[in-house]
Every structure is written in structure tokens, then in C-alpha cells.
Q: 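I'd like to ask you about the structure that follows.
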Amino acid sequence: KMLKEGNRRFVKGEPQATRTNEGMRNALVDMGQAPHTAVIGCADSRAPLEAMFDAMPGDIFVLRNAGNTCTHAEGSMVGSLEFSTGKLGAQLILVLGHTKCGA
């Protein structure tokens, strides 16, 4: 629901997540991150995931690569997904593609 609402605001050009301040950044450093969602998205610079979901720092755990590939190779996104769900507590994994990618 939060992702849909954030995307709706992005599409309308009415973002709410536009400013951070020192207190917010310090809280993320001191208390750590607790993203509700892990998002695998394209590395395409035309698809900024945090902006597309009107998310603040710490809201979503973003993993980006060309073509949304997800293998079991060493250093792959699988380990990062395990970290985001197991250690950070993300409750949802979203794989997001887009048209005219080129990858």
C-alpha cells in the first residue's frame, strides 16, 4: 500500500519525501535502517526507485543492476536480499522492470 501511494504521488508530481534533515540522517546512523521493502530494479538512470515510490532514506532497500538479473553467483543480489529480509526485516521483495530498458 505504501509503495502504491508513493508511486501515485510521484506520477501526479506531488512528492512528500522531498527533504531530509540532520536529525533524520543521524537517527538512521544511530538506530540503523529498517526498510519495509527490498526492491530489485534496473540500473537505468531514468528509473530512480526512491523517487518513483516517494520514499525517504531508510524506507526501501534498493538493489539495482542492468536487466534485473538475479543469480546465485558470489556477490550476487541474492545475498543482499537475504540481508535485507533476515537482518533488516524487510517484509516484501519487489522485482521491478520497465519498458525500453535496453539491457
Side-chain angles (χ1 to χ4, degrees):
K1 183 177 178 181
M2 289 186 289
L3 296 176
K4 284 184 180 181
E5 290 172 357
N7 184 250
R8 196 171 296 123
R9 290 189 303 272
F10 170 76
V11 170
K12 286 182 173 182
E14 300 171 351
Q16 295 176 357
T18 58
R19 297 177 190 253
T20 61
N21 59 44
E22 184 179 1
M24 292 170 65
R25 291 187 298 273
N26 287 339
L28 284 170
V29 170
D30 295 340
M31 296 185 294
Q33 57 181 317
H36 52 75
T37 303
V39 182
I40 298 175
C42 187
D44 191 318
S45 62
R46 300 169 294 178
L49 297 176
E50 294 87 347
M52 289 170 46
F53 291 115
D54 193 25
M56 293 296 288
D59 287 346
I60 58 177
F61 191 86
V62 176
L63 302 161
R64 296 175 68 157
N65 68 2
N68 295 341
T69 57
C70 192
T71 68
H72 285 284
E74 185 174 331
S76 75
M77 290 197 161
V78 174
S80 295
L81 286 173
E82 290 172 348
F83 173 74
S84 68
T85 56
K87 177 73 173 168
L88 300 179
Q91 297 294 305
L92 175 69
I93 296 172
L94 174 67
V95 179
L96 182 66
H98 65 101
T99 56
K100 299 181 182 179
C101 177

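Residue numbers count from 1 along this sequence. Just so you know, these numbers come straight off a predicted model, no measurement behind them. Below, each value reflects all heavy atoms present in this structure, side chains not excepted, and no hydrogens, waters or symmetry copies.
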Q: Please report the interatomic distance OG1(T37) to CG(L88), rounded to the nearest 0.5 Å.
A: 12.0 Å

Q: For the residue pair D54 and P15, what are the closest heavy atoms and their distance?
A: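 Looks like OD1-CB, 3.4 Å.
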
Q: Drop me the distance from T85's OG1 to Q91's CD, to the nearest 0.5 angstrom.
A: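 So the gap between those two atoms works out to 9.0 Å.
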
Q: Please report the interatomic distance CZ(R8) to CD(E14), rounded to the nearest 0.5 Å.
A: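 Going from CZ on R8 over to CD on E14, the span is 11.5 Å.
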
Q: Could you give the distance from NE2 (H36) to NZ (K1), rounded to the nearest 0.5 Å?
A: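 Rounded to the nearest 0.5 Å, the NE2-NZ separation comes out at 13.0 Å.
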
Q: Got a sec, which pairs hit salt bridge (Lys or Arg N to Asp or Glu O under 4.0 Å) with one end in residues 21-46, sequence neighbours left out?
A: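 Counting only pairs at least two positions apart or across chains, the salt bridge (Lys or Arg N to Asp or Glu O under 4.0 Å) contacts touching residues 21-46 are D44-R46.
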
Q: Between Q33 and F61, which heavy-atom pair has the shortest distance, and what is it?
A: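 Answer, listing the atom of Q33 first, then F61: OE1-CD1, 3.8 Å.
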
Q: Please round to the nearest 0.5 Å and tell me the distance separating atom CE of M77 and atom CG of N65.
A: 3.5 Å

Q: To the nearest 0.5 Å, tell me how far L63 CG sits from L96 CG.
A: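 Answer rounded to 0.5 Å: 12.5 Å.
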
Q: Test of understanding: with side chain to side chain donor-acceptor pair (under 3.5 Å), list the residues that count as partners of D59, not counting sequence neighbours.
A: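 Testing D59 for side chain to side chain donor-acceptor pair (under 3.5 Å), a comparison that skips the adjacent residues, returns none.
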
Q: For F53 and I60, which heavy atoms make the closest approach, and how far apart are they?
A: CD1-CD1, 4.3 Å

Q: Let's go through E82 and V78 carefully: what are the C-alpha distance in whole Å and the side-chain angles of both, what is the deciding distance for side chain to side chain contact (heavy atoms under 4.5 Å, CB included) to 0.1 Å, and is it a yes or a no?
A: CA-CA 6 Å; E82 290 172 348; V78 174; 3.8 Å; yes

